[in-house]
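Chain identifiers are assigned alphabetically (A, B, ...) following the order of the sequence lines, protein sequences preceding nucleic acid strands; residue numbering begins at 1 within each chain. Any value given below was found using the heavy atoms of this structure, including those in side chains, with hydrogens, waters and symmetry copies removed.
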Amino acid sequence: MVTQRESGHRPRGGVGRQLANGLGWFSIGLGVAELVAPRAMEKVIGVRDRDRRRNVLRAYGMREIAAGVGILSMPSRPEWLWTRVAGDIVDLASLGQAFALRDAKRGRVAAATAAVLGVTALDVLCGTQLSRRKPFRASATVLIGKKPEELYPFWRDLSNVVQLEPYLESVRPLADDRWRWTARIGGGPALEVDTEIVRDQPNQYIEWRSPEGSATRLRAAIRFTPAAGDRGTLVRSEVEIDGPLALLAKPASAAGIGPELRLEQHLRRFKQLMETGEIARAYRGQATQPRPRFETTRGLEPALSH
Amino acid sequence: MKATCWMGKEEVRVENVPDPTILNPRDAIVKITATAICGSDLHLYNGFIPSMEKGDILGHEFMGEVVEVGPAVKNLKRGDRVVVPFPIACGSCFFCRKGLFSTCENSNPNWVLAEKMWGHGVAGVYGYSHLLGGYAGGQAEYARVPFADVGPLKIPDELPDDKVLFLSDIFPTGYMAADMCGIEPGDTVAVWGCGPVGQFAMASAFLLGAERVIGIDRFPERLRMAREKVGADTINYEESDVHETLQDLTGGIGPDRCIDAVGMEAHAPGPIDMYDRAKTALMMETDRPFALRQAIMNCRNGGTVSVAGVYGGFIDKFPMGSLMNRSLTVRTGQAHVQRYMRPLLERIQAGDIDPSFVITHHMKLDQAPEAYRMFRDKQDECIKVVLNPN
Ligand SMILES: NC(=O)c1ccc[n+]([C@@H]2O[C@H](COP(=O)([O-])OP(=O)(O)OC[C@H]3O[C@@H](n4cnc5c(N)ncnc54)[C@H](O)[C@@H]3O)[C@@H](O)[C@H]2O)c1
Ligand SMILES: [Zn+2]
Ligand SMILES: [Zn+2]
């Protein structure tokens, strides 16, 4: 079983990108200054020359240059902007220390601190913008001991997928190979998404996505590849979510309970159904009332194991 | 129905719970006639296994009478007597086809949880935490048995429960521990732990051709059972130094095969015990691997260390250098019970062994809380408790 999360940012123009480029060049400029003229920089920030401090400044310079080059050369990775934010925090901490030095020019240090605070705010703003624009992508692969032609038909009729996902209330066919997905989490409101099948290669690949202009943009695909050595079929499931739902997916995924976990669970249940004719369910018959819980590392998916 | 429930660390209670029902086509419901408490249950009782929830039904060693079958179960009918293997296995996945039933891919609804913890998942097991599926256990009046068409073994009427109950776990477990050793003629096999698993490991080592078997423990009644019922030599590790004695007994080369039938809660004399207890208390290791370390250090060059004792997480001070430099082989696993049930039933029928020799106590299901305490604390020379619901 392989589960992957990919950063799926499509580089685009816009304010966020422009700001990022500006910050990238700013990083490089600042870094070069700290590296080649630490003495001048010390004057600017209001501390007097000491060898040790100067080496610290040089190290900060290297860090700035790395962040700047990262931001400019890998526009699809907002992580680089977040390294800038981390650097800002280190700078602020150092300036705080400088404040306490006997030989410090307090006015200068305060001005430098204010400047860094300003830049930090820009960095955070920009990082958030870039991260937000990134659609969420996840995938999972599982080996199933059946031939592709034994597995494909299940997915050709998407209403079957209800069996794999307890939160799915229904998947109903509409006209023209469109399907309406209705999900409900807990007692919450029903969530509806329409998709249309955009690619269908029998026994190999099916892809469906929400039509142009939908608020939540969803793309999903299932791929069947014969496995080596008569072991059956590698079944890979992919999903890409953009729009407001992607904002939910990311933190959930960081907490280890995101869509990639659901995908893997779906594929496992699909495998169980195909290989054994049923989906494993545990009857707990507990003596105590099971309390409602979210999936955590403890007792994962209790809702299913009843 | 009545069922033995885990209510927290060192607390089990017999409670009234809903009767199990058929949930899947390949299920059966078994009315339990005999069930046992296992050393593995003590790890739950003592709070060593994560992902237990208050109210979970315990028990993975049980047998009984089929009272209901799902539509896909063709080989069993009402009234059949069956022993149920503790790993739940589908019988047809990649691992089941290799005979690795306790790692079946299709029986654990919480596979991904186990995968997070161990890198890959394992089979579901009755009454053994949510990591292993969250299935209700068999220390109860009834149990739901998934994959009933491939798991349970039918038992002829003439064999009493006590003779066949342990086919559910500890006899195959002990047998597999000896089997994994790859015993050759002339071999000496040393077994750490003379609990029920250790007893069956020793008896099986003889069945598999060992020349000499040495049991190691500190409880006189367990050592006596090893000598009198199994024919092993014994070492009481509180009275003699294990390494020295094994060196003496093997002319300085060490036992050819060493079996750990103790597991994660090993007792250790001296300061190393304080070390492991402190480390586990600080969550820096989860298991106390004292017997395992000894088994490795004592094994002869090129020998086999077979681990039947259960471990859950991480251990510290693992003698990798000894293992590597001396060409040792380590084999381990939760028992692939389904692989051994039928041949071992035949051994019982042939009179080669009567597994009931380990039983020291019969009690009512209602007495489970008392039985757990007694078995854990080795009171009343308790070695194996069988609970009868009726
Ligand atoms: N692999 C499997 O499939 C499987 C199945 C069943 C049980 N088990 C495991 O096997 C182990 C033994 O089970 P059991 O039912 O016999 O339990 P048990 O608790 O009755 O026996 C354990 C024995 O080990 C002895 N012991 C403790 N520390 C020791 C040491 N340092 N040196 C030598 N002996 C020591 C104890 O005195 C006790 O007699 C447990 O860990 C259990 O979880 C594994
Ligand atoms: Zn057991
Ligand atoms: Zn299987």
Top of [options] for chain A proximity - count of heavy-atom pairs under 4.5 angstrom:
{"options": "B/Arg97, B/Arg26, B/Met117", "result": "B/Arg26"}
{"options": "B/Asn24, B/Asn108, B/Ile88", "result": "B/Asn24"}
{"options": "B/Gly137, B/Pro20, B/Ala140, B/Cys90", "result": "B/Pro20"}

Chain A heavy atoms under 4.5 Å from [X]: which part of the residue, side chain, backbone, both or neither?
{"X": "B/Pro25", "result": "both"}
{"X": "B/Ser92", "result": "side chain"}
{"X": "B/Arg144", "result": "side chain"}

Nearest 0.5 Å, what's the [atom1]-[atom2] distance between [X] and [Y]?
{"X": "B/Glu105", "Y": "A/Leu143", "atom1": "CD", "atom2": "CG", "value": "7.0 Å"}
{"X": "B/Asn110", "Y": "A/Gln265", "atom1": "CG", "atom2": "CD", "value": "7.0 Å"}
{"X": "A/Ile279", "Y": "B/Leu23", "atom1": "CD1", "atom2": "CG", "value": "12.5 Å"}

Problem set entry | B/Asp27 vs A/Glu278 side-chain heavy atoms within contact, under 4.5 Å |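 B/Asp27 reaches A/Glu278 side chain to side chain.
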Exercise. Any idea which heavy atoms bring A/Glu264 and B/Trp111 closest together, and the distance?
Worked result: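 Looking at all heavy atoms of both residues, the closest pair is OE2-CD1, 4.5 Å.
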For this session: Locate the shortest heavy-atom distance separating A/Glu275 from B/Cys93; write the atom from each residue and the value.
Result: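 Heavy atoms of A/Glu275 and B/Cys93 come nearest at OE1-CB, 3.5 Å.
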Problem set entry | Segment of A/Leu273 engaging chain B (4.5 angstrom heavy-atom cut-off) |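 A/Leu273 has no heavy atom closer than 4.5 Å to chain B.
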For this session: Take atom NZ of B/Lys98 as the centre, draw a 6.0 Å sphere, and report whether it contains more than 12 heavy atoms from other residues, nucleotides or ligands.
Result: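 12 or below, so no.
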